[in-house]
Each structure stands twice: as structure tokens, then as C-alpha cells.
Number of protein chains: 2
Amino acid sequence: MPNMTLRDIANALDLSVSTVSKALRDSYEIGYETKKRVMNYARANHYLPNRMAKSLKEGKSGSIGVVVCSIDNSFVSRMLDGIDGACTAAGYDIIIMQSKESLAQEKSCLKQLEARGVEGILISPAAETINLDHIVGLRAIGMPTVLFDRISERFDSYQVGVDNREGAFLATQHLIANGYMRIAMLNIGPDIHFASLRGKGYQDALRANHIPYREEYVRLCNPSSRDTLKDCVSTNIRSLLELPTPPEALFTTTDQLSTHSLSVMHQLGYQIPQDIALIGFSNTELADILTPPLSTVYQPAFEIGRKAAEKLIALIVGKEEPEEYETVMLPVQLDIRESSRTRIEPKR
Amino acid sequence: MPNMTLRDIANALDLSVSTVSKALRDSYEIGYETKKRVMNYARANHYLPNRMAKSLKEGKSGSIGVVVCSIDNSFVSRMLDGIDGACTAAGYDIIIMQSKESLAQEKSCLKQLEARGVEGILISPAAETINLDHIVGLRAIGMPTVLFDRISERFDSYQVGVDNREGAFLATQHLIANGYMRIAMLNIGPDIHFASLRGKGYQDALRANHIPYREEYVRLCNPSSRDTLKDCVSTNIRSLLELPTPPEALFTTTDQLSTHSLSVMHQLGYQIPQDIALIGFSNTELADILTPPLSTVYQPAFEIGRKAAEKLIALIVGKEEPEEYETVMLPVQLDIRESSRTRIEPKR
DNA sequence: CTGTTAGCGCATTCAC
DNA sequence: GTGAATGCGCTAACAG
């Protein structure tokens with residue numbers, strides 16, 4: 001037995017469809033008695049308004065689209081949790097799509113969401129996405145859009161994320177404060193915007209402390225494929241540690257880099273932080289259970305998602321002036337744990 | 001400039017709406033020239049069919065609903081990835097909702113999905129959900145439904161998951177084979193079906209090896225709140241290790257139990273597996289980077305999601321006989337790592 | 001080959 | 001107070 005419609009109720013109660021419609025929406029035009037009858041009948045028969053029809057009629061789908069690189073990523077899923085919270089509270093449901101870091105897929109996701117009639121889009125661009133024209137284009141067709149997490153100052157619109165440069169600066173600064181001078185960085189890239197900001201923060205901190213920047217202490221891995229990423233980390237860690245003057249500390253700029261690095265160092269028998277200190281970026285769940293517990297730059301993932309969704313909803317509802325674009329930078333926070341403990345001069 | 005409609009194209013090209021509609025769908029009734037004109041015009045003007053209208057017309061939304069306990073869980077998100085893969089491939093998009101382990105919210109999710117007009121539902125029931133009547137009820141209204149991950153033999157329908165009893169049996173058996181006799185289990189529950197199956201597997205393995213079952217070696221923690229879970233693990237681990245005859249090995253039946261246990265043991269200064277061996281359930285990503293690498297019963301999360309989605313889609317498309325319900329049990333696999341290494345008699 | 005008509009379920013004028 | 005009529009954008013049956 002498929003769902004009942006307004007007409008079914010109307011027929012059963014010997015009323016017209018429009019009367020029933022109004023009664024259910026508690027319109028002032030309908031008499032108390034009639035309302036009562038309709039409401040009761042509807043409840044008793046589990047009437048559910050057909051949202052497709054309602055959507056079509058009102059030109060609103062009641063849903064918003066979310067594009068992320070991958071669902072299967074703890075940082076992303078925490079942001080999604082935040083998004084879901086805000087959207088559910090506001091009565092929107094979310095359609096999540098994955099770009100898998102591919103620009104082509106990202107475009108395809110956007111197209112689908114548009115066709116689906118979402119009322120707004122939240123997007124964290126793919127790593128491959130250098131040019132944001134297709135996202136800017138969304139505005140042209142009147143689609144409210146908020147960028148989150150992977151934000152860009154080249155995108156003049158609503159954005160929610162953290163200050164990546166600042167986070168990296170703090171991390172590096174912390175290592176320096178703890179007595180480390182020779183600090184290496186393992187980053188992803190090139191051409192990934194937030195990653196280069198983190199790189200910049202690292203350099204700025206060195207400069208601020210009059211520590212020379214050493215080319216050979218900075219390594220990049222491309223995140224395109226997991227296997228190669230792991231290999232790349234392994235190669236670079238080995239190479240760093242075998243340098244004539246190896247670094248005393250390492251700043252790894254993403255979760256995967258951090259965990260793989262730790263794993264390689266364990267394999268090679270290095271002690272952390274005695275042999276080399278370590279600080280990562282964004283990891284929270286894992287940080288505590290690693291050995292040693294990993295110091296990290298904490299990013300408020302849930303909050304990023306929530307704030308971005310709230311912003312988007314405000315845009316949709318139209319309470320916001322479309323003119324004043326703004327970038328919301330949530331504060332990062334240093335979670336200091338054992339992996340970056342104050343340096344002790346190695347015994348000879 | 002909002003989206004253009006079939007009528008816009010029709011007017012522009014001086015054709016009727018239905019001709020345009022047919023042309024775009026490459027109907028045999030339309031002449032080559034006309035098709036060409038329409039197609040070109042549509043592409044040039046970025047025509048996107050309105051899916052809400054299409055859905056209403058066809059009575060199909062092209063979307064399926066997914067209910068999970070929480071997005072923010074690596075195991076769940078890997079299953080979602082599998083679901084997304086199958087659905088995207090089949091042209092469905094997914095609407096994900098979270099029950100947060102609450103029965104009331106689970107029911108609310110189901111209602112919303114129904115109202116939304118999803119064509120089918122994939123659900124992994126909340127921990128609170130003992131009685132599955134509301135899920136069985138979905139069938140009554142003709143909603144194709146597939147249970148995944150948290151399956152139940154009390155539910156006579158389509159289900160995809162793993163054999164939890166078997167997995168626990170294998171894990172325990174493995175510990176025994178490696179020389180451990182006094183084996184404790186830290187489980188969640190009571191009243192969580194898959195958890196009690198894991199408990200059963202543990203007991204079965206002991207019995208099969210003529211090892212007496214010891215009440216004091218079996219501990220339960222309730223997963224309702226994270227904080228209390230962590231505390232509960234801590235309390236139980238301490239208490240286990242302080243027993244007159246402490247266990248030589250521990251089987252932790254969920255990811256959170258495993259990681260918290262590891263963390264507590266580290267804090268207390270226990271060596272793994274020298275002081276106590278450890279084997280967990282379902283973790284994959286983490287297992288390798290923990291210290292020591294954690295042996296686990298591997299569950300093919302992605303596959304579970306994929307298979308469940310494929311099943312559901314087959315049901316929706318109607319290729320399946322609705323009579324022959326079946327439970328698909330995917331094989332678990334033991335991933336042996338260092339935490340459960342062969343026992344070495346401790347030196348005195 | 002192309003156009004006309006009808007209707008999916010709902011909300012909203014506008015009459016009565 | 002209530003109901004008839006209209007249309008959201010699309011597809012499909014049926015005419016031409």
C-alpha cells in the first residue's frame with residue numbers, strides 16, 4: 001500500500017483537496033471542526049506529505065549538497081557530523097558527494113547537486129582543484145555556496161576554515177621553544193593551497209627566530225595515491241635521518257604524513273622524541289593513542305562543519321547580505337603531548 | 001538567472017515541450033535534425049533537467065536513504081564509502097542520517113527518509129534498538145530495506161554483515177594457538193546483539209579448547225557515552241591486571257575498546273605482548289600504526305557497504321524475488337600483527 | 001515525425 | 001468556511 005495523498009483524505013472525508021491542504025497547514029480559513037477531523041484522519045492513517053511534490057511546487061528541495069574529497073577520512077567525517085547537526089536542526093537534509101580529489105569528479109558532483117535542486121552547496125575543493133572558476137560560477141546561477149576547510153584567499157566568497165599559516169607557525173614555534181633548532185618539514189604538494197600556507201607558517205617561524213631555512217629539510221609528497229604516499233614518506237624520512245646533520249625535530253603537515261612517519265621511525269628504531277621530535281597537524285582521535293602521544297595542531301573539525309552549514313543556511317534563508325563576503329577563521333589550538341617534549345641534549 | 005526549463009527550449013526553438021523532451025531523451029520518434037538542434041541548444045545553454053519534477057512525475061526520487069549510528073566513525077565511514085560507490089554507479093544518490101545510537105532518532109530518520117521519497121533504505125540499527133518492528137514495518141509499506149553491519153537473525157529479511165561469532169572465535173583461537181591460556185575479554189553490552197555474538201565466539205573457542213570460562217575475565221562496558229566508556233575501560237583494565245591470576249591475553253571486541261585499552265596499558269607501564277597480549281576487532285587503519293601493531297579481526301567494511309547497496313538496488317529495480325530473504329555473511333579475516341605474538345614464558 | 005493533452009501531489013489564488 | 005482552478009517541470013499516451 002503506497003503512500004496516501006491529500007486526495008485520498010479529501011475523498012474519505014468528503015472534502016476538497018485544497019481544504020485538506022489548508023487544514024493540515026492549520027490555515028486560519030478552515031473551521032476548527034474540519035481541521036480536527038482532517039488532522040485526526042491524517043494521523044490515524046500515517047499521512048506523509050510527498051516532499052517531491054512539495055519541492056516542485058515551492059521550488060525548494062529542502063536539501064543542501066556537500067562535496068568533500070572523501071567520506072572515509074576521520075577529519076572529514078567529523079566536519080560532516082557538524083554539518084549534519086546544523087542542517088538537521090534547520091530541517092534540511094544533506095546529500096554528500098565525494099570528489100576523490102579529482103577536479104573532474106568535483107565538477108560532476110556539482111552538476112548533479114544542481115540538477116537535484118539543492119538549495120545550497122558546501123564544498124571543500126579537491127586537491128586537484130587549483131582553479132575555482134566552476135565554484136565561483138555557482139554564484140552566477142544564484143546558488144548559495146560556502147567553502148569550508150580548504151579555503152582560499154583567491155576565492156571572494158563565504159568561507160570557513162582555520163588559519164593554516166598560523167597553525168604551522170605555532171607548531172614550529174613550539175618546537176623551537178622546546179629547544180629544537182634543526183627542524184624539518186614533511187609537507188604535501190606542490191600546488192595544494194592549504195599545504196603551501198602551512199609551509200609558509202613553518203618558514204615564517206624559522207625566520208622569526210633567526211633560524212636559517214634549509215632546503216634539504218623540506219620534503220614534499222603528493223597525496224594522489226595512498227601507496228605512493230606511504231612510499232614517499234618512507235623514502236623521505238630515511239633520507240632526512242641519514243643526512244650529515246639530521247634534523248632534531250620534524251613537523252608533518254597532515255594526518256597521513258604524521259602516522260606514516262611515525263610508523264617508519266618506529267621501524268628504523270628511532271626513539272621519539274629522544275632521537276627526533278615530532279609534531280603533526282589536525283589529528284585528534286589518534287594523537288592520544290599513538291606511542292608516544294603525538295603533539296598536534298588541533299583543528300576544530302566539527303565546528304568548521306557546523307559554522308559553514310549555519311552560514312550557508314543563513315544565506316539560503318536570505319538573512320545575509322550577499323555583498324559582504326567573509327572568511328571565518330576558526331582558531332587552531334596546540335595540543336602538546338609527549339612527541340615534542342623539551343629537548344634533552346643527547347649523551348655521548 | 002535560474003535554471004531553464006523544457007519550455008524555454010521549446011519556445012526558443014519554436015517546438016513543443018514534448019518534442020523537446022523526447023529529443024533530449026533521444027527518442028526514436030524524433031527526427032535527426034530536430035534532435036540535433038535541441039541537443040545543441042540545450043548544451044549551449046547548460047540545460048539541466050529538474051529532478052524534482054522528474055521524480056514527481058515518475059514516482060521515483062532516485063535517492064536511497066542510509067541510517068547509521070554516526071558518520072564520525074572510521075568503520076562506518078568506510079562502509080559509507082562502499083555504499084556511495086555502488087549507488088553512484090547505479091545513478092542513485094544517498095541521503096545519510098545519523099541515529100546517534102538512539103532508537104527515537106532512528107525512527108525519526110526513517111520517517112524523514114520515507115517522506116523524502118527515498119526508493120529504499122539501508123540501515124545499521126542503533127545500539128538501543130532491540131526490537132526491530134519499525135524496520136520490519138518498512139516492508140509493509142513496500143519500502144525495500146537492507147540491514148547491514150549490525151544484522152540480526154531475528155530479522156527475516158535482506159542483511160549483509162560478517163559472522164561476528166566466527167570472528168571472535170578465530171581471534172580467541174589464535175591467542176590460544178599462540179600459547180595463551182588465561183584470556184580475558186572486554187566487550188560492550190549487554191543487549192547489543194552483535195556484541196553478544198562476539199562474546200559467544202569467545203566462549204565457544206574456550207570450550208573447544210577445554211579452557212574453563214572464568215566469570216572475572218569477562219568485562220562489559222556500555223557505549224552510551226564516550227567519557228564513561230573511556231573510564232569504564234580504564235577501570236576494567238586495571239581491575240583485570242590486578243587480579244590474583246591476571247590474564248595473559250585480552251580480546252577487545254570493538255575499536256574504541258581496543259584503543260582505550262592500549263592507552264591504559266601504556267600508562268600503567270605494561271609491555272605488549274610480553275606482559276599481556278592483545279587482539280582487537282574491526283580496526284584497520286589504526287592497527288598498523290599503533291605500538292605495537294595491533295592484531296585484529298578484519299571486517300571488510302567497504303565491501304559490506306557495497307554489497308548491501310547492490311542488494312538494495314537490485315531490490316529496487318525489482319530483479320529480486322521479494323520472497324527469498326537472505327543473509328549475506330562476508331568473511332572476516334585475521335590480521336595478525338605484533339600485539340598477539342607467540343607467548344614467551346616470562347623470566348623470573 | 002511532431003504536437004496536444006493529461007496528470008504526478010501539492011499550495012495557492014480566487015470565487016462562492 | 002470551503003471548493004474549483006491553476007501551475008510547478010516533466011513524461012507518456014494519444015492524436016495528427
Any donor-acceptor pair under 3.5 Å linking the side-chain atoms of [Y] with those of [X]?
X: Gln98(B); Y: Asp81(A); value: yes
X: Ser21(A); Y: Ser18(A); value: no
X: Ser99(A); Y: Gln105(A); value: no

Start with the C-alpha gap between Glu106(B) and Thr129(B), add the side-chain angles, then the distance that decides, and say whether side chain to side chain donor-acceptor pair (under 3.5 Å) holds.
CA-CA 8 Å; Glu106(B) 178 173 296; Thr129(B) 303; 3.1 Å; yes
Can you confirm whether Lys35(A) is buried at NZ, in the sense that more than 12 heavy atoms of other residues, nucleotides or ligands lie under 6.0 Å from that atom?
yes
Check every strand shown and say whether Ser55(B) touches a base, only sugar-phosphate, or nothing at a heavy-atom separation below 4.0 Å.
nothing
Using a 4.0 Å heavy-atom cut-off, does Gly59(A) contact any base of the nucleic acid, only the sugar-phosphate backbone, or nothing at all?
nothing
B/S/- contact track for nucleotides 10-16 of chain C, protein heavy atom under 4.0 Å:
BBBBB--
Assess whether side chain to side chain donor-acceptor pair (under 3.5 Å) is satisfied between Thr19(A) and Ser16(A), documenting all intermediate values.
CA-CA 5 Å; Thr19(A) 303; Ser16(A) 81; 3.0 Å; yes
Nucleotides bounding contact with chain A, strand DNA chain D, heavy-atom threshold 4.0 Å:
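Contacts span dG1(D) to dG9(D), reading 5' to 3'.
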Rounded to whole angstroms, how far apart are OH on Tyr28(B) and C1' on dT2(C)?
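Atom OH in Tyr28(B) sits about 13 Å away from atom C1' in dT2(C).
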Keeping Thr88(B) on the side-chain end and Gly85(B) on the backbone end, is there a donor-acceptor pair under 3.5 Å?
no
Go through it in stages, so that I can follow the logic: the residues are Tyr47(B) and Met39(B), the test is side-chain contact (heavy atoms from CB on, under 4.5 Å), and I'd like the CA-CA distance, side-chain angles, deciding distance and then a yes or no.
CA-CA 9 Å; Tyr47(B) 167 75; Met39(B) 302 262 209; over 6 Å; no
Can you work out whether Leu56(B) or Asp14(B) has the more 5'-proximal nearest nucleotide on DNA chain C?
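Here Asp14(B) is the residue nearer the 5' end.
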